[in-house]
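Everything on this sheet refers to the single structure shown next.
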Amino acid sequence: MARRTIIAGNWKMNKTPSEAVALAKELIPLVGNDNVDVVFCVPFIDIVPVVEAVKGTNVKVGAENLYIEDSGAYTGEISADMIKDSGAEYVIIGHSERREYFNESDAFLNTKVKKALEKGLIPILCCGESLEQRETGVTIDFVRYQIKCDLAGISADDAKKIVIAYEPIWAIGTGKTATSDQAQEVCQAIRECLAEIYDQATADAIRIQYGGSMNASNAAELLAKPDIDGGLVGGASLKPDFGEIVAAG
Ligand code: 13P
């Protein structure tokens, strides 16, 4: 079964609302590829103006995080309902920066994935090993562990809606991309793990992105690999290069 390519930009903590609108307007004419789902994942405060800016285009909007409760005394947090009502359709969950700087555990992330699904948001669930784990030879064991914990208790029908992003931590923001063979090896292992948890048809339906220094020159080779169905792009998503990445998809 053919999986539709999905290229998402993760803007991280960049762009004020007015800068975000300007960037969205700059990128929209560059990302018109009918074969690719294009998503801008933006800071919470930028969601409403960016949703407005992309209206009538092929671009969808995502959040970069969510909180697990529906409402209440959780000062500073943002709920899935708030994200959904703002017009975003996707949400990044479990980015390595949140795992590391905000101590987000797999059990907590599992709750976030369930909450996103319950509220009709599409989770972009991130996983990936550190340099130390790669050098120790436990990459695939570790990524399988993350996937199994983060998807615990999620049905096959719900799992099919999820996008998984394999992002080796050592490749994020470092300019060191995983080789296409390294990325394919882990994305294939993730799909095998999904087939074990669910079944082959479910595993074949789930899209797996690569993320980590993806740019205009390496995107085509990465996206040509059989188990790489898209990209989660950081730095290059803030530049016209993002259009070239979308064109490669
Ligand atoms: P870079 O593309 O800047 O390496 O970031 C990747 C990333 O973390 C996307 O979520």
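All ligand and atom numbering here is 1-based and tracks the order in the structure.
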Let me check something: any side-chain donor-acceptor pairs from residues 31-57 under 3.5 Å, sequence neighbours excluded? List them with distances.
from, atom 1, to, atom 2, distance (Å)
Asn33, OD1, Asn35, N, 2.9
Asn33, ND2, Val246, O, 2.9
Asp37, OD1, Arg4, NE, 2.6
Asp37, OD1, Arg4, NH2, 3.2
Asp37, OD2, Arg207, NH1, 2.8
Glu52, OE1, Lys55, NZ, 3.0
Thr57, OG1, Val54, O, 2.7
Thr57, OG1, Val59, N, 3.1

Side chain to side chain contact (heavy atoms under 4.5 Å, CB included) partners of Ala195, counting only residues at least two apart: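 If we apply the side chain to side chain contact (heavy atoms under 4.5 Å, CB included) test to Ala195, skipping adjacent residues, the hits are Gln200, Ala203.
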Side chains of Leu117 and Ile122 in contact at under 4.5 Å (non-hydrogen atoms):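 No, side chains not in contact.
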Minimum heavy-atom distance Asn218-Thr177, with the two atoms named: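 Asn218 and Thr177 have their closest heavy atoms at ND2-OG1, 3.0 Å.
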Would you tabulate the polar-atom pairs, meaning N/O of ligand 1 against N/O of the protein, with distances under 3.5 Å, reported to 0.1 Å?
from, atom 1, to, atom 2, distance (Å)
ligand 1, 2 (O), Ser213, N, 3.4
ligand 1, 2 (O), Gly234, N, 2.9
ligand 1, 3 (O), Gly235, N, 2.8
ligand 1, 4 (O), Gly173, N, 2.6
ligand 1, 4 (O), Ser213, N, 2.7
ligand 1, 5 (O), Lys12, NZ, 3.3
ligand 1, 8 (O), Lys12, NZ, 2.8
ligand 1, 8 (O), His95, NE2, 2.8
ligand 1, 10 (O), Asn10, ND2, 3.0
ligand 1, 10 (O), His95, NE2, 2.9
ligand 1, 10 (O), Glu167, OE1, 3.1
ligand 1, 10 (O), Glu167, OE2, 2.9

Residues Glu167 and His95: side-chain donor-acceptor under 3.5 angstrom: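 Per modelled atom types, Glu167 and His95 side chains form a pair under 3.5 Å.
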For Lys225, all residues meeting salt bridge (charged side-chain N to carboxylate O under 4.0 Å, His left out), sequence neighbours excluded: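 Scan of Lys225 (salt bridge (charged side-chain N to carboxylate O under 4.0 Å, His left out), adjacent residues dropped) gives Asp181.
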